[in-house]
**Student:** 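Below are the structure tokens for one structure; questions will follow.
Excluded from the calculations below are hydrogen atoms, water molecules and symmetry mates; all remaining heavy atoms, backbone and side chain alike, are included.
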Amino acid sequence: MDAKLEVTIDVIVHATEDISKFFESFEEMFEIKQEEFTVEHTTGHFENPITLLNVKIEKTQAQKFVGKLIQLLSKDQINEMIQEIEERTVDSTFHIRLDKQELIKGNLMFKEKDAIKLKIHTPIYNKKDTVKIFSKIFQFVN
């Protein structure tokens, strides 16, 4: 895979969740170290403490991340991603959400609410090439 990739990961960690488990999971599954994350503490709607985790990875590290992501997903999940490329892509960025609790257990499951947000960006100069380019990225491991 020679695509120029950039991956952004955003996680909202609530006070009831153990932030260290997220760091451990990202390091074990994707080799993203705790120091690479930006950590921001804020308060939620009901004044509850919230921690925002963000990391942006590029080039080789982003390619390794996407490769590992594809390896950890089932064939059905990969096919679902490919089928939803047009709906999930905005301005050359593919958006996907993963279940936070499943990630901590070492599994990858799609989930829309209270999820880890992944954005996979690659330059696409002609919008009609979007499906072809992301399909190629998501199938490079298979």
**Student:** List in chain and number order the residues that pass side chain to side chain donor-acceptor pair (under 3.5 Å) with Gln61, two or more places apart in sequence or in another chain; answer none if no residue qualifies.
**Tutor:** Glu36
**Student:** Under the rule for salt bridge (charged side-chain N to carboxylate O under 4.0 Å, His left out), what residues qualify as partners of Lys119, not counting sequence neighbours?
**Tutor:** Asp10
**Student:** Using a strict threshold of under 4.0 Å (side-chain N to carboxylate O), is an ion pair present between Lys21 and Glu24?
**Tutor:** no
**Student:** Test of understanding: with side chain to side chain donor-acceptor pair (under 3.5 Å), list the residues that count as partners of Gln101, not counting sequence neighbours.
**Tutor:** Glu17
**Student:** Minimum heavy-atom separation for Ala62 to Val7, with atom names?
**Tutor:** CB-CG2, 3.9 Å
**Student:** Can you list everything that forms a side chain to side chain donor-acceptor pair (under 3.5 Å) with Thr43? Sequence neighbours excluded, please.
**Tutor:** none
**Student:** Filter on ring pair (Phe, Tyr, Trp, His ring centres under 6.0 Å), then keep only pairs touching residues 38-71, sequence neighbours left out; what's left?
**Tutor:** Phe30-Phe65
**Student:** Under a single-linkage definition using a 4.5 Å side-chain heavy-atom cutoff for Ile, Leu, Val, Met, Phe, Trp and Tyr, are Leu72 and Met109 assigned to the same hydrophobic cluster?
**Tutor:** no
**Student:** Do Ile12 and Val55 belong to the same hydrophobic cluster, where Ile, Leu, Val, Met, Phe, Trp and Tyr are linked whenever their side-chain heavy atoms lie under 4.5 Å apart, directly or via other members?
**Tutor:** no
**Student:** Name all residues meeting the side-chain contact (heavy atoms from CB on, under 4.5 Å) criterion together with Thr60; count only those two or more places apart in sequence or in a different chain, and write none if there are none.
**Tutor:** Lys64
**Student:** Quick test of your reading: applying ring pair (Phe, Tyr, Trp, His ring centres under 6.0 Å), list the pairs with at least one residue in residues 69-104, sequence neighbours left out, ordered by first then second residue.
**Tutor:** Phe94-Phe134, Phe94-Phe138
**Student:** Is atom NZ of Lys111 surrounded by more than 12 heavy atoms (other residues, nucleotides or ligands) closer than 6.0 Å?
**Tutor:** yes
**Student:** Are Ile50 and Val11 connected in a single hydrophobic cluster, I mean Ile/Leu/Val/Met/Phe/Trp/Tyr linked by side-chain heavy atoms less than 4.5 Å apart?
**Tutor:** no
**Student:** Does either side chain, that of Asp76 or that of Ser74, offer a donor lying less than 3.5 Å from an acceptor on the other one?
**Tutor:** no
**Student:** Yes or no on side chain to side chain contact (heavy atoms under 4.5 Å, CB included) for Asp99 and Leu108, after CA distance, side-chain angles and deciding distance?
**Tutor:** CA-CA 7 Å; Asp99 187 308; Leu108 295 184; over 6 Å; no
**Student:** side-chain contact (heavy atoms from CB on, under 4.5 Å) with Asn126: which residues, sequence neighbours excluded?
**Tutor:** Lys128, Asp129
**Student:** For Ser92 and Pro123, which heavy atoms make the closest approach, and how far apart are they?
**Tutor:** OG-C, 4.2 Å
**Student:** Should we say atom CG of Asp18 is surrounded by more than 12 heavy atoms from elsewhere, each under 6.0 Å from it?
**Tutor:** yes
**Student:** Sorted by first residue and then second, give each salt bridge (charged side-chain N to carboxylate O under 4.0 Å, His left out) pair with at least one member in residues 79-90; sequence neighbours left out.
**Tutor:** Glu84-Arg88, Arg88-Glu112
**Student:** Okay, side chain of Asn107, backbone of Leu103: is any donor-acceptor separation there less than 3.5 Å?
**Tutor:** no
**Student:** Are Phe22 and Ile9 side-chain neighbours, meaning at least one heavy-atom pair lies under 4.5 Å?
**Tutor:** no
**Student:** Considering all heavy atoms of both residues, which atom of Met81 and which atom of Leu73 are nearest to each other, and what is their separation?
**Tutor:** SD-CD1, 3.4 Å
**Student:** Name all pairs fulfilling the ring pair (Phe, Tyr, Trp, His ring centres under 6.0 Å) condition that reach into residues 107-127, sequence neighbours left out, sorted by first residue then second.
**Tutor:** none
**Student:** Once side chain to side chain donor-acceptor pair (under 3.5 Å) is applied, do any residues pair with Asn48, and if so which ones, sequence neighbours excluded?
**Tutor:** none
**Student:** Applying side-chain contact (heavy atoms from CB on, under 4.5 Å), can you list everything that pairs with Thr16, at least two apart in sequence or on another chain?
**Tutor:** His14
